[in-house]
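Below is one structure, written out as structure tokens, with a few remarks after it.
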Amino acid sequence: MPLELGYPTDDEFASFVPMTFEAMGGRSEFVNTVWPEGFTKEGQEMSRQRFLFLKKIDPTCKWVKVTDNETNEIIGVAQWNVYEGQKPPEMIVDGPPGTWKDETEKEYAQELFKAYMEKRWKFIRENKLPLMCLNIMTVAPQHQYRGAGTLMMQWGVQLADSIGAACIIEATTEGRWLYEKSGFKLQEHWTLDVPERFKDRPKQRLFFMVRPRTSGQP
Ligand SMILES: CC(C)(COP(=O)(O)OP(=O)(O)OC[C@H]1O[C@@H](n2cnc3c(N)ncnc32)[C@H](O)[C@@H]1OP(=O)(O)O)[C@@H](O)C(=O)NCCC(=O)NCCS
């Protein structure tokens, strides 16, 4: 199979950021809100800069890519946080000026983000390190079902097993099968809860999934 796992360089983000939004297909209210305008050049550029900023300031942030060696195209990317020495601070999402079209959209994004992170933060508070969280797992629609997602999951699962980490994922329906195949267990179906003034927005439903550590502490 001509698919190869690797690590993207900073210069490569421009080439795959549009693909990640295409893979999500506008179906995730969370992505549409926290990473807005993913289908415009301006929105993609804003997300590229935010991804690179977070990668630079946070050494726990690990990106992997899958390249199709026949075309040299990056067809999939995943991003994990690997917490070994220290638990992460419980910080609300932010972005440079212009990320959101106005203060209401920013406030909505921050409320949705808090609702999304609530289970993750609880899990992190209640469990010992090492811990790993999968934040992004996307494969270009025309390259799905070729094993790229599996390669990126294998990377994460092998690392988790080698350091004795428990892993968590807030999964979409599309991702769920891949994660179950990799040892994740469904904990809960949940709908992100936002304040009353945002209740008319589309619902974001997710699966909270955990892969128990396979070595080290229980
Ligand atoms: C989830 C995703 C990353 C899987 O990538 P992929 O490269 O197609 O995965 P693989 O080819 O390695 O397939 C892994 C398994 O998932 C299944 N699968 C792949 N794509 C699927 C889809 N869209 N819907 C349901 N199942 C899917 C495959 O059947 C396969 O199982 P099998 O080996 O038993 O046949 C990809 O479908 C995607 O990008 N989806 C949209 C974005 C998304 O929702 N990501 C998850 C965020 S939590």
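All residue numbers in this chain count up from 1 along the given sequence. One-based numbering, in listed order, for ligands and for the atoms of each. Given the structure is predicted, the values throughout are model-derived calculations rather than measurements.
Using a cut-off of 4.0 Å between Lys/Arg side-chain N and Asp/Glu carboxylate O, Glu107 and Arg197 are scored as salt-bridged. By the 4.0 Å N-to-carboxylate-O rule, Asp10 lies too far from Lys56 to be salt-bridged with it. Comment: Glu37 does not engage Lys101 in a salt bridge, judged by the lack of any side-chain N to carboxylate O separation of less than 4.0 angstrom. Between Glu29 and Lys203, no side-chain nitrogen of the basic residue sits less than 4.0 Å from a carboxylate oxygen of the acidic one, so the salt-bridge criterion is not met.
The Thr138 neighbourhood of ligand 1 comprises atoms 39 (O), with distances under 4.0 Å to a heavy atom of that residue. For ligand 1, the atoms lying closer than 4.0 Å to a non-hydrogen atom of Thr150 are 10 (P), 12 (O), 13 (O), 14 (C). Set against the non-hydrogen atoms of Lys181, the atoms of ligand 1 under 4.0 Å away are 15 (C), 31 (O), 32 (P), 33 (O), 34 (O).
Within the structure, ligand 1 lacks Met152 among the residues with a heavy atom less than 4.0 angstrom away. In this structure, Gly147 counts as a contact residue of ligand 1, since one of its heavy atoms falls inside 4.0 Å of the ligand.
Considering only non-hydrogen protein atoms, atom 41 (C) of ligand 1 sits nearest to Ala23 O, 3.3 Å. Here the heavy atom of the protein found nearest to atom 38 (C) of ligand 1 is Gln144 NE2, 3.2 Å. Nearest protein heavy-atom neighbour of atom 5 (O) of ligand 1: Val139 CG2, 3.5 Å. Here the protein heavy atom with the shortest distance to atom 44 (O) of ligand 1 is Thr172 OG1, 2.8 Å. Atom 4 (C) of ligand 1 has its closest protein heavy atom at Leu178 CD2, 4.0 Å. Atom 45 (N) of ligand 1 has Met137 O, 2.8 Å as its closest protein atom, hydrogens excluded (heavy atom only). Distance from atom 42 (C) of ligand 1 to its nearest protein heavy atom, with residue and atom name: Met24 SD, 3.4 Å.
Among Trp100, Phe30, Phe198, Phe113, the one residue that satisfies the ring-ring contact (aromatic ring centres under 6.0 Å, His included) test with Tyr108 is Phe198.
Contacts between Tyr179 and ligand 1 below 4.0 angstrom, taking non-hydrogen atoms only, involve the side chain exclusively. With a heavy-atom cut-off of 4.0 Å, Arg146 touches ligand 1 through its backbone alone.
The hydrophobic clustering, which links ILVMFWY residues whose side-chain heavy atoms are closer than 4.5 Å, places Tyr145 and Val139 apart. A single hydrophobic cluster is seen to contain both Leu134 and Tyr7, as judged by linkage of ILVMFWY side chains at heavy-atom distances under 4.5 Å, directly or through other members.
Under the 4.5 Å side-chain criterion, counting only non-hydrogen atoms from C-beta, Val31 is not in contact with Thr20. Lys185 places none of its side-chain heavy atoms less than 4.5 Å from the side chain of Val210.
In this structure, atom 27 (C) of ligand 1 has a protein heavy-atom contact shorter than 4.0 Å.
The CE atom of Met153 sits 6.5 Å away from atom OH of Tyr179, with the distance rounded to the nearest 0.5 Å. Atom CE of Met117 sits about 12.5 Å away from atom CG of Leu112, to the nearest 0.5 Å.
When the heavy atoms of Glu174, Glu170, Arg176 are ranked by distance to atom 1 (C) of ligand 1, first place goes to Glu174. Comparing heavy-atom distances from atom 22 (C) of ligand 1 across Tyr145, Trp177, Phe207 singles out Tyr145 as nearest.
When only interatomic distances are considered, the shortest N/O to N/O separation between Gly149 and ligand 1 falls below 3.5 Å.
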